[in-house]
Amino acid sequence: MAMKGDFTQNLGRVYGIYTGGFLAFVILLAVLEQIGLPDRVIGYLFVFFTIAVYAGIGYISRTMQVSEYYVAGRRVPAFYNGMATAADWMSAASFIAMAGGIYNAGYSYLAFVVGWTGGYVLVAVLIAPYLRKFGAYTVPDFLGARYGGNVARLIGIVVLFCCSFTYLLGQISGTGEIASRFLGMPFEVAVYVGLLGILVCSMLGGMRAVTWTQVAQYIVLIVAYLVPVVILSAQRTGVPLPQIMYGQVLQQVQELEQTKPALEGVKPFMQTPQNFTEAFNFFALVVCLMIGTASLPHVLMRFFTTPSVREARKSVGWSLLFIFLLYFTAPAYASFAKLEVYQNVLGSSVASIGDVEALLAGNSWIRSFGDLGRVSICGATGDALNGVALTAQMIFDACQAAGVNELNHTAFAIQTDVVVIATPEIAGLPYVIAGLVAAGGLAAALSTADGLLLAIANALSHDIYYRMIDPHATTRRRLVVARVLLIVVAVLGATAVAFLSLGNILALVSYAFSLAAAGLFPALVMGVWWRRTTAAGAIWGMISGFAVTVAYLVYTHPGIGFGAEPIFGISNISCGIFGLPVGFLVTWLVSLATPAPSQEMQDFIQALRIPRGEALMDRGAEAAH
Amino acid sequence: MADTGVAPEVARRHWEKTKALMWVILLIWFIFSFVIHFFVGALNEIVVFGFPLGWYFAAQGSLIVFVILCFWFAHRQNRIDEECGVAED
């Protein structure tokens, strides 16, 4: 394909063709399905086609230049950086688990929706433009320059590693799970297949390759997320705008809750916090998620790639807009699923085998996901690993044993990931749409994993190897080290996922936000906004904020700590709520107790605040010496 | 020490305006992140298009405000930079 100008001048055309090609591919598969292509083959084609495209982009974007490898040459326009950031940000948890979380927990789960979007206001106003002006390659790079060298840098790396690595484990596990479900291979093998998918995107081209694959992945994931629920909305309400039409659905759900006997005693879907502790937990979670968003290095480093400070600011707006498209759809998914279950499933008779068979015949998705052990009725469920399918007999026996003749809300349970994945089947759509959703979930998990992997490996190769071990290393050597570390971290992560039983990884992921918030936010914000912040202040602030957060986690967590009763009833998902104020307070007090930063550092901060002028990175390193 | 070529009083005025904008944005952010959800019970009494308003703000309304806020901030801050003559070339 002949093109005038370089790649970045043709982005609209390239991604336009790509999107058209992707839609054509979906339509082609839909046609092939109609003429008899088996479901399994469709699943394979989706997974392999999309990964092949990402790999192709990764290969085309290979580079041997340091600034291309670390910050994509700082040539990514605001709009495209917005798409890449959205893909970087939205993980398998957002794509698959969020709607199901709202389905199960109702209003209280909306803390995630508010928290994971509002944080971007803080990114835009307080942090991203200034880090961009500094011209950092990594977040610890900024800490090292602003706070006089390697101690602050090293603490930053420790915090970064702790939060990003736990997060990465969740993503690798997510890719493994999707690969195993749609390709039918054992989970342990699927993890390494997912790993290959992650590495082909990032290894040859670093940030440059990850940026352009993330844009491609965003397009796949947003199409895959919107299509099923838009069709469902059109079927049920006549209007293909689920985000607006689910208002009616909420009303119907509310009415059923009040009138349907099978729903007697159910916790209302829209129930708001009932007491002080519940309300406090809602707000504490919002605080931790927002501030965590503004501190997570894999997100912040995306804003290092824009051509200017001005573009960095605009690109935060684009990022949030693209994220918003998914997040304001998630509650609609949850509501439609709720209505489906309340209307068509609960209240059904299970008093005879024939009744149970009628229930399963009318709701085929219950059988599909029951076979996988993700839907249970009266405690009866399938077990895919051991080849136990969910049968009408099993359900009948279990319900008889439990004394249930009519299915009520306590006898029916679905796992959170079912809501999004089952929607195509609930809407009676062909399998090709289910394959599309799998490709979307995979794109979400791969793109986030790539961003995290790069954040960790870059901190190790740039901050530890180049800045601390061998500042005279040649470009070639630096890039070789960067790639070796990338592979090492990736294999380490995959091995941990495959061989350790990590339990509820999604819970671990939410701790990453608190750890990042308490460990990094005070040092980053005060470093820009309060000149008087000294190196000692920031160092002790990071250590104490991080330590308090970890301490609360260990104190309350049953698996990795003591499992003690939470203090003031604050759930440990929000453990950062203790560490944050401590971090700020210690930074402030220690700064006041130590001599003010040098005139050179004052000038450095001044230059940070003015968009004009060249990037400051190397000057900062000098000022520190 | 390479300087930015910006006179100290210009830099100071620029920073004052920047700080003022920061506080305005953070105030709006605070209202839609916390204050409004504090009144979710009362807001839920009002139903618009099927949506109880308290639920609506947590699920959609606040998010829309955040998106607008980010774009508006970028626009305002870029104007401040230009007015003070410290924008990038």
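Model, not experiment: these values are computed from the prediction. Residue numbering restarts at 1 for every chain, and letters A, B, ... go by the order of the sequence lines. Computed from heavy atoms alone, side chains included, the values below leave out hydrogens, waters and symmetry copies.
The residues B/Arg12 and B/Glu16 are annotated as not salt-bridged, no charged nitrogen and carboxylate oxygen being separated by less than 4.0 angstrom. Between A/Arg313 and B/Asp81, at least one side-chain N (NZ, or NE/NH1/NH2) sits under 4.0 Å from a carboxylate O, which counts as a salt bridge.
The choice from A/Pro129, A/Ser308, A/Pro331 that makes the most heavy-atom pairs within less than 4.5 Å of chain B is A/Ser308. Ranking B/Val65, B/Val48, B/Ile64 against chain A, the residue ahead of the rest is B/Ile64, based on heavy-atom pairs under 4.5 Å. Interface summary for chain B: among A/Ile102, A/Val121, A/Val316, the most heavy-atom pairs under 4.5 angstrom belong to A/Val121. Among A/Met270, A/Arg310, A/Gln248, the residue with the largest count of heavy-atom pairs under 4.5 Å with chain B is A/Arg310. Here B/Trp55 is the residue among B/Phe34, B/Trp29, B/Trp55, B/Phe38 with the most heavy-atom pairs under 4.5 Å with chain A.
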With a 3.5 Å cut-off and sequence neighbours excluded, list the donor-acceptor pairs that the side chains of residues 105-116 of chain A form with protein atoms.
| residue | atom | partner | partner atom | Å |
| --- | --- | --- | --- | --- |
| A/Ser108 | OG | A/Ala105 | O | 3.3 |

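Using a 4.5 Å cut-off between heavy atoms, B/Leu69 contacts chain A through its side chain alone, with no backbone atom that close. Interface remark: A/Gln243 contributes backbone and side-chain atoms alike to the contact with chain B (heavy atom separation under 4.5 Å). Both the backbone and the side chain of A/Ala124 come within contact range of chain B, with heavy atoms under 4.5 Å apart. For A/Ile244, the parts lying under 4.5 angstrom from a heavy atom of chain B are both the backbone and the side chain. In this structure, no portion of B/His75 lies under 4.5 Å from any heavy atom of chain A. Interface remark: A/Thr272 contributes side-chain atoms only to the contact with chain B (heavy atom separation under 4.5 Å). With a 4.5 Å cut-off on non-hydrogen atoms, A/Phe322 does not touch chain B at all.
By the 6.0 Å contact criterion, CD on A/Glu255 is open, its count of non-hydrogen atoms from other residues, nucleotides or ligands being 12 or less.
Without hydrogens or angle criteria, A/Arg612 side chain to B/Ala87 main chain gives a donor-acceptor distance under 3.5 Å. Although no hydrogens or angles enter the test, the distance criterion places no donor-acceptor pair under 3.5 Å between the side chain of A/Lys338 and the main chain of A/Val253.
Nearest heavy atom pair, residue A/Val419 against residue A/Ala99, reads CG1-CB, 4.1 Å.
Residues A/Tyr333 and A/Tyr246 place their aromatic rings such that the two centres sit no closer than 6.0 Å.
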